[in-house]
Amino acid sequence: MEVINLLEFLNTVENIHSLEVANVEGELVDFLDLLSEDEQFTRKIDLGILYVSELTSNRYLIIDGLRRLLSLSLLLHAICECYKKTTAKNEYAIQTIRSKYLLSGDKAKLRLDPESQKVYDKIIFGERLSGKEKATSMFKLLHGFWLKIKEENLSASVIFKMLQKISVTLVETDNVNPRELYLTLNKSIRKLNQISLIEDYLKQYNQLDNWMKFKKVFKNSQNDIELFFKDFFITKFSFKEFDLTRLYEYFVNYCETLLEFSSAENIMQDLLKSAKMYFDIININFENPAIKNAMIQIKMHNGEDTFAYLLNVYGDYIEKNISEVTFLEILSTIDEYLKNRMKTPNSVNFNELITYLNAFMSCK
């Protein structure tokens, strides 16, 4: 652990890789606001702790602190943009800034997730951005820096004088799972991408191929994937309520429990089967006309909250644990409940109906 100047850290490293689960969208650091708070540079500015893991000499994985480094890089690029094509001296200074702080060879020093990297590279290398890319936090902060430098006539020397006052505490982590540390440090202060966390977790079990197949079932729709997990885990864990911000936690608990007596491959294959069944349910994708019609009726009568139960029952039908006749009777009973609920809302709790339906199935 050591206190270092953030600008100097950016200068000394060859490149900095980010976790794929790290999200750069959201609030970034407005360094020029920090400047306005301390115009006389009478105090040091402490930006907290930077958690990193050294990959090889001068190559780091940034576990926590990515937004601070990204914001600093955008400010440095804004300085270059404001002073380019002015004087020969400034052109030399620009090349120095880019080679010391922004570039490693012909690539950017900062290595972000693929989608963010695309936008960042376009910014750093002066390529045209789309309207969607201009709506990102990165471009908005860059544009804000550019305006302030121009409007307040801030010189590069003044900005660099301010940056010399900014320090962080660098903590190098050893024998720590980067994803778990990132989760611990961030879960209470920002919304994390639960799907990305799950994907990163599955890498350690070499299950990315099966995970891609799973996502393909839902055509990579994050909303449908989240709906599936909500209904899947409601039945697996008997949840009364589902907290989407804990999806990664639920997934890991589920897998780690099953891994005691099954393989990661089998777990993912079973999950893939359930995903395909759920896709059939939410999209009414059934060849059997009687089942298809029954599911249409359920969906027409706002039966989305019954999908968790239907996923289980449909699985029993697919596995031939119940007959088609029994399955259709269950669908009919659910639809009757839904029609009555529309007339007299909340007259019967669906959990009570589940108890009845399970008793009905056990008699078959």
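Small disclaimer: the values here were computed from a predicted structure and weren't measured. For the single chain, residues carry numbers from 1 onward in sequence order. Only this structure's heavy atoms are used, side chains among them; waters, hydrogens and symmetry mates stay out.
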Flag for [Y]-[X]: side-chain donor and acceptor within less than 3.5 Å:
X      : Y      : value
Asp335 : Ser332 : no
Glu256 : Tyr201 : yes
Arg179 : Tyr248 : yes
Asp231 : Tyr278 : yes
Asn223 : Ser221 : no
Arg68  : Ser71  : no
Glu91  : Gln95  : no

[X]/[Y] ion pair, N-O < 4.0 Å:
X      : Y      : answer
Lys339 : Glu336 : yes
Arg341 : Asp305 : yes
Lys203 : Glu20  : yes
Glu133 : Lys122 : yes
Glu199 : Lys215 : yes
Asp33  : Lys148 : yes

So do the side chains of [X] and [Y] get within less than 4.5 Å of each other, counting heavy atoms only?
X      : Y      : value
Glu172 : Glu54  : yes
Val3   : Leu170 : no
Leu338 : Thr306 : yes
Tyr317 : Thr326 : no
Leu19  : Asp200 : no
Leu141 : Leu75  : no
Asn220 : Lys216 : no
Leu197 : Asn193 : no

Examine distances only and state if a side-chain atom of [X] and a backbone atom of [Y] form a donor-acceptor pair shorter than 3.5 Å.
X      : Y      : result
Thr169 : Glu2   : no
Asn5   : Gln164 : yes
Lys299 : Ile282 : yes
Asn186 : Tyr182 : yes
Lys109 : Lys100 : yes
Thr12  : Phe9   : yes
Thr333 : Glu329 : yes
Thr173 : Val52  : yes
Ser262 : Leu258 : no
Ser18  : Arg111 : yes

Point to revise | Stepwise side chain to side chain contact (heavy atoms under 4.5 Å, CB included) test for Ile62 and Leu50 | key: CA-CA 8 Å; Ile62 182 82; Leu50 231 63; 3.8 Å; yes

Check your understanding: Would Asn302 and Glu304 count as a side chain to side chain contact (heavy atoms under 4.5 Å, CB included) if you check the C-alpha gap in whole Å, the side-chain angles of each, and the deciding distance to 0.1 Å?
Key -> CA-CA 6 Å; Asn302 303 322; Glu304 285 79 6; 4.1 Å; yes

Nearest 0.5 angstrom please: [X] [atom1] to [Y] [atom2], how far?
X      : Y      : atom1 : atom2 : result
Phe214 : Ile198 : CZ    : CD1   : 8.0 Å
Ile124 : Leu110 : CD1   : CG    : 8.0 Å
Leu271 : Phe229 : CG    : CZ    : 5.0 Å
Glu324 : Leu331 : CD    : CG    : 10.0 Å
Ile296 : His301 : CD1   : NE2   : 11.5 Å
Ile149 : Ser155 : CD1   : OG    : 10.0 Å

Taking the ring centre of each residue, are [X] and [Y] less than 6.0 Å apart?
X      : Y      : result
Tyr314 : Phe286 : yes
Tyr254 : Phe233 : yes
Tyr250 : Phe242 : yes
Tyr337 : Tyr309 : no

For [X] and [Y], work out which heavy atoms get closest and say how close.
X      : Y      : answer
Trp211 : Ile195 : CZ2-CG2, 3.6 Å
Ala108 : Phe125 : N-CZ, 4.1 Å
Cys80  : Ile94  : O-CD1, 3.3 Å
Ile234 : Ala308 : CG2-CB, 4.1 Å

Exercise for review: Please indicate whether Glu27 has more than 12 foreign heavy atoms, meaning atoms of other residues, nucleotides or ligands, lying under 6.0 Å from its CD.
Suggested key: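 Result for CD/Glu27: open.
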
Exercise for review: Flag yes if more than 12 heavy atoms outside Asp209 fall under 6.0 Å of its CG atom; otherwise flag no.
Suggested key: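 For Asp209, atom CG is not crowded (no more than 12 foreign heavy atoms under 6.0 Å).
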
**Study point:** Residue of the set Phe279, Phe251, Phe218 for which ring pair (Phe, Tyr, Trp, His ring centres under 6.0 Å) holds with Phe228
**Key:**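 Only one of Phe279, Phe251, Phe218 forms a ring pair (Phe, Tyr, Trp, His ring centres under 6.0 Å) with Phe228, namely Phe218.
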
Check your understanding: What do the steps show when you test Gln117 against Asp113 for side chain to side chain contact (heavy atoms under 4.5 Å, CB included), and what is the final call?
Key -> CA-CA 6 Å; Gln117 189 73 47; Asp113 67 90; over 6 Å; no

Check your understanding: Does the pair Asn210 and Gln207 meet the rule for a side-chain hydrogen bond (donor to acceptor under 3.5 Å, both in side chains), with working shown?
Key -> CA-CA 5 Å; Asn210 280 327; Gln207 290 302 309; 2.7 Å; yes

Is there a chain of hydrophobic side chains (I, L, V, M, F, W, Y, each step under 4.5 Å between heavy atoms) that links [X] to [Y]?
X      : Y      : result
Trp146 : Leu154 : no
Ile267 : Phe261 : yes
Leu147 : Leu76  : no

Practice item. Evaluate side chain to side chain contact (heavy atoms under 4.5 Å, CB included) for Asn23 paired with Leu192, printing each intermediate quantity in order. Key: CA-CA 7 Å; Asn23 182 8; Leu192 302 178; over 6 Å; no

Exercise for review: Identify which one of Leu74, Thr136, Val24, Leu142 satisfies the side chain to side chain contact (heavy atoms under 4.5 Å, CB included) criterion when paired with Tyr120.
Suggested key: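 The option that passes is Leu74.
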
